[in-house]
Amino acid sequence: MTMSDLEPTLYQRRIIYQARRGLKELDFYLDPYVKNHYPTANEQEQLAFERLLAYEDPDLLLFFLGQASSDDIQINMLITKIKALRHTEPL
């Protein structure tokens with residue numbers, strides 16, 4: 001199920017809007033996740049994604065490049081999932 005199959009709630013729309021970072025390297029990972037996985041993710045994953053978005057772009061970039069990690073295990077697991085999804089889905 002993709003975002004086009006499911007109308008996001010107002011709250012989900014706010015999170016989706018916050019995921020637009022404007023930094024090409026981050027958008028490479030975040031955009032496909034938001035469009036294809038976030039709306040159907042379970043509540044725990046959606047909350048982890050919301051916490052992920054609270055980080056500043058330089059920190060997020062370090063997380064996605066594997067040069068740093070969050071103190072939050074769920075965020076680290078989500079980053080691993082987002083990276084795996086991005087590298088296995090067609091462009």
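The chain is numbered in sequence order, starting from 1.
- The number of heavy-atom neighbours closer than 6.0 Å to CD of Gln67, taken from other residues, nucleotides and ligands shown, is above 12.
- For Phe64 and Phe28, the ring centers sit 6.0 Å or farther from each other.
- Under the 4.5 Å side-chain heavy-atom criterion for Ile, Leu, Val, Met, Phe, Trp and Tyr, Leu61 and Tyr33 are members of the same hydrophobic cluster.
- The line from CD1 of Ile15 to CD of Gln18 is 4.5 Å long, rounded to the nearest 0.5 Å.
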Practice prompt. Check the pair Leu60 / Arg21 against side chain to side chain contact (heavy atoms under 4.5 Å, CB included), numbers first and verdict last.
Written response: CA-CA 10 Å; Leu60 288 177; Arg21 305 309 273 215; 3.5 Å; yes
Worksheet item: Stepwise, does the side chain to side chain contact (heavy atoms under 4.5 Å, CB included) test hold for Ile82 with Leu78?
Response: CA-CA 6 Å; Ile82 292 171; Leu78 180 57; 3.8 Å; yes
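- Placement of Leu23 and Ile75 within a single hydrophobic cluster is found when ILVMFWY residues are connected by side-chain heavy-atom separations under 4.5 Å, directly or transitively.
- Residues forming a side-chain hydrogen bond (donor to acceptor under 3.5 Å, both in side chains) with Glu25 (at least two apart in sequence, or on another chain): none.
- Rounding to the nearest 0.5 Å places NZ of Lys81 at 15.0 Å from CG of Asn76.
- The side-chain hydrogen bond (donor to acceptor under 3.5 Å, both in side chains) test applied to Tyr11 returns Glu50, not counting sequence neighbours.
- Linking Ile, Leu, Val, Met, Phe, Trp and Tyr residues whenever their side-chain heavy atoms come within less than 4.5 Å places Leu26 and Val34 in a single cluster.
- Between Gln46 and Pro39 the shortest heavy-atom distance is NE2-O, 3.6 Å.
- With rounding to the nearest 0.5 Å, the separation of NZ in Lys83 from CG in Leu65 is 7.5 Å.
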Practice prompt. Show your working on side chain to side chain contact (heavy atoms under 4.5 Å, CB included) between Leu52 and Phe49 and close with a plain yes or no.
Written response: CA-CA 5 Å; Leu52 173 72; Phe49 188 68; 3.9 Å; yes
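- Side-chain heavy atoms closer than 4.5 Å link hydrophobic residues (I, L, V, M, F, W, Y) into clusters, and following such links, possibly through other members, connects Leu85 to Phe63.
- Note on Tyr29 and Leu53: same hydrophobic cluster, where clusters join Ile, Leu, Val, Met, Phe, Trp and Tyr whose side-chain heavy atoms are under 4.5 Å apart, directly or indirectly.
- Ile73 CD1: 12 or fewer foreign heavy atoms inside a 6.0 Å radius.
- Here Asn42 pairs with Gln44, Glu45 under the side chain to side chain contact (heavy atoms under 4.5 Å, CB included) rule; sequence neighbours left out.
- The structure places CZ of Arg20 at 12.0 Å from CG of Leu30, a figure rounded to the nearest 0.5 Å.
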